[in-house]
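Heads up, the thing below is written out as structure tokens.
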Amino acid sequence: MTLPLEGIKVIDMSQVYFGPGGAVYLADQGAEVIKIETLRGDAMRHRYTTPYLTKWNLSKPFLSINRNKKSISLDIDTEEARKIVSDLCSSADVFIINMRPGTEKRFGFDFDTLSRINEKLIYVAISGFGSEGPDAELPGYDIVLQARSGILSLRTFPDGTPVPYPIMFSDMSGCMSLSYSVMLALWDREKTGKGQKIECSLLNQALAMQMQQLIWVDNDKGSLPGDAPSAISSCYQCADDKWIAIVVMESNQWAGLCRVLDLEHLIDDPKFDSYEGRVENAAELGSLFQGIFPTNSSDYWTSELNRERVPCSLVQERDDLLTDAQVIKNRMIGSDIHPTVGNINYVMPPFKMSNHGHVNSAQMPAPLLGEHTREILQNLGYEKEEIDSLLTRNIIRANFD
């Protein structure tokens with residue numbers, strides 16, 4: 001099966017989630033992705049790992065976000081290693097880096113330097129806060145940006161303590177934005193013949209994730225959308241102690257909910273017959289619903305709500321996704337056999353393309369640290385003696401040496 005990005009070469013010199021995740025979306029579609037790592041390896045090799053995976057410098061997140069890549073391990077503090085990076089970029093289509101703004105110049109990995117070597121290179125720079133402004137050089141992680149972007153203000157304990165979301169909103173959505181921006185630049189290059197620099201940041205991504213809420217209108221003193229949870233967009237505990245989530249936006253959904261809950265007299269009640277009224281009187285509705293849902297099981301309520309086409313779902317445990325019939329039927333989770341660690345299940349690309357079949361597993365498992373160092377250097381024209389010398393001087397690392 002051919003894939004749409006076959007023939008595209010990507011150099012991934014980023015770590016953690018944002019950059020590697022963007023690169024894996026390109027790799028999943030056939031791009032050749034070479035992952036440049038330090039001698040210790042990507043930080044995600046050593047985080048969220050288990051005793052079973054630690055012995056191979058692997059973690060569960062790393063296995064997913066770095067599938068379909070080759071790994072070369074270098075000490076970029078050395079001139080020889082920096083030359084290898086430049087050599088790789090000379091024939092690459094895309095270069096991805098997430099050093100703090102300004103740091104890349106010290107190594108000669110800045111856009112101006114690399115574009116002189118390869119004017120067709122698409123250069124992707126990732127930062128925490130953007131390349132300009134007073135905080136440009138500050139380090140940033142997703143939870144820090146949840147705080148900075150206002151996301152954490154929406155989720156607090158009753159005493160006001162903010163509760164971070166465990167899902168990395170900026171990083172995971174950033175992976176998709178990065179791959180999208182690369183495709184735009186590749187398309188632009190088709191017309192101009194030249195590469196360009198792309199800038200991405202966690203802060204910008206955190207704001208983009210709130211596009212439907214961050215809207216300010218002059219002279220409108222109303223609160224921003226989504227400031228507070230609503231009874232018609234909430235979770236309720238059932239008789240079997242399981243929880244279900246419901247969302248009621250439209251009038252037909254409201255009518256369906258009322259029929260299911262035996263509250264038909266409220267369908268045309270002036271207090272609740274509009275979305276705005278239901279939001280304004282959310283406390284009253286919430287108290288009412290909290291007394292009804294515990295009277296029957298979650299299976300009963302989801303069945304009845306689905307029959308009335310009221311959007312709802314059981315609040316599942318994440319492990320339940322492996323047996324979720326809808327997930328299975330649509331092949332949203334792929335199965336793979338990693339030659340070192342064994343069977344793996346992970347989330348596949350969130351779309352299907354009719355001309356290229358369905359990507360249901362990795363073409364190549366996530367690499368061991370430095371697994372392809374020799375192969376990559378040989379392809380660059382390095383002789384065995386040169387590679388052995390670099391290994392001996394600890395400038396490079398090869399997994400099986």
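Small disclaimer: the values here were computed from a predicted structure and weren't measured.
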Distance-only check: which donor-acceptor pairs under 3.5 Å involve side-chain atoms of residues 105-112, not counting sequence neighbours?
residue: Asp110; atom: OD1; partner: Thr113; partner atom: OG1; Å: 2.9
residue: Asp110; atom: OD2; partner: Thr113; partner atom: N; Å: 3.2
residue: Asp110; atom: OD2; partner: Thr113; partner atom: OG1; Å: 3.1

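- Relative to the six-membered ring of Phe129, Arg148 misses at least one condition, a distance below 6.0 Å or an angle of at most 45° to the axis.
- For the atom pair Gln210 CD and Ser149 OG, the distance stands at 5.0 Å (nearest 0.5 Å).
- Applying the 6.0 Å contact sphere to OH of Tyr165 captures more than 12 heavy atoms from other residues, nucleotides or ligands.
- In this structure Phe157 satisfies the ring pair (Phe, Tyr, Trp, His ring centres under 6.0 Å) test with no other residue, sequence neighbours excluded.
- Asp388 and Arg374 are joined by a salt bridge, as a carboxylate oxygen and a charged side-chain nitrogen come within less than 4.0 angstrom of each other.
- We find that Glu304 and Arg307 are joined by a salt bridge, their nearest charged nitrogen and carboxylate oxygen being less than 4.0 Å apart.
- By the side-chain hydrogen bond (donor to acceptor under 3.5 Å, both in side chains) test, Lys197 pairs with no residue at all, sequence neighbours left out.
- Between Lys271 and Glu284 there is a salt bridge, with a side-chain nitrogen of the basic residue lying less than 4.0 Å from a carboxylate oxygen of the acidic one.
- Proximity of the aromatic rings of Trp301 and Phe293 is defined here by a centroid distance below 6.0 angstrom, and this criterion is met.
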Going by atom type alone, with no hydrogens or angles, which donor-acceptor pairs under 3.5 Å involve a side-chain atom of residues 180-192 and a protein atom two or more places apart or on another chain?
residue: Ser181; atom: OG; partner: Ser177; partner atom: O; Å: 3.4
residue: Ser181; atom: OG; partner: Leu178; partner atom: O; Å: 2.7
residue: Asp188; atom: OD2; partner: Gln196; partner atom: NE2; Å: 3.1
residue: Arg189; atom: NH1; partner: Asp93; partner atom: OD1; Å: 3.2
residue: Arg189; atom: NH1; partner: Lys120; partner atom: O; Å: 2.9
residue: Arg189; atom: NH2; partner: Asp93; partner atom: OD1; Å: 2.8
residue: Thr192; atom: OG1; partner: Asp188; partner atom: O; Å: 3.2
residue: Thr192; atom: OG1; partner: Lys194; partner atom: N; Å: 3.2
residue: Thr192; atom: OG1; partner: Lys194; partner atom: O; Å: 3.4

Donor-acceptor pairs under 3.5 angstrom involving side-chain atoms of residues 285-292: please list them, not counting sequence neighbours.
none

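- Take Ser91 and apply the side-chain hydrogen bond (donor to acceptor under 3.5 Å, both in side chains) test, not counting sequence neighbours, and it matches Lys9.
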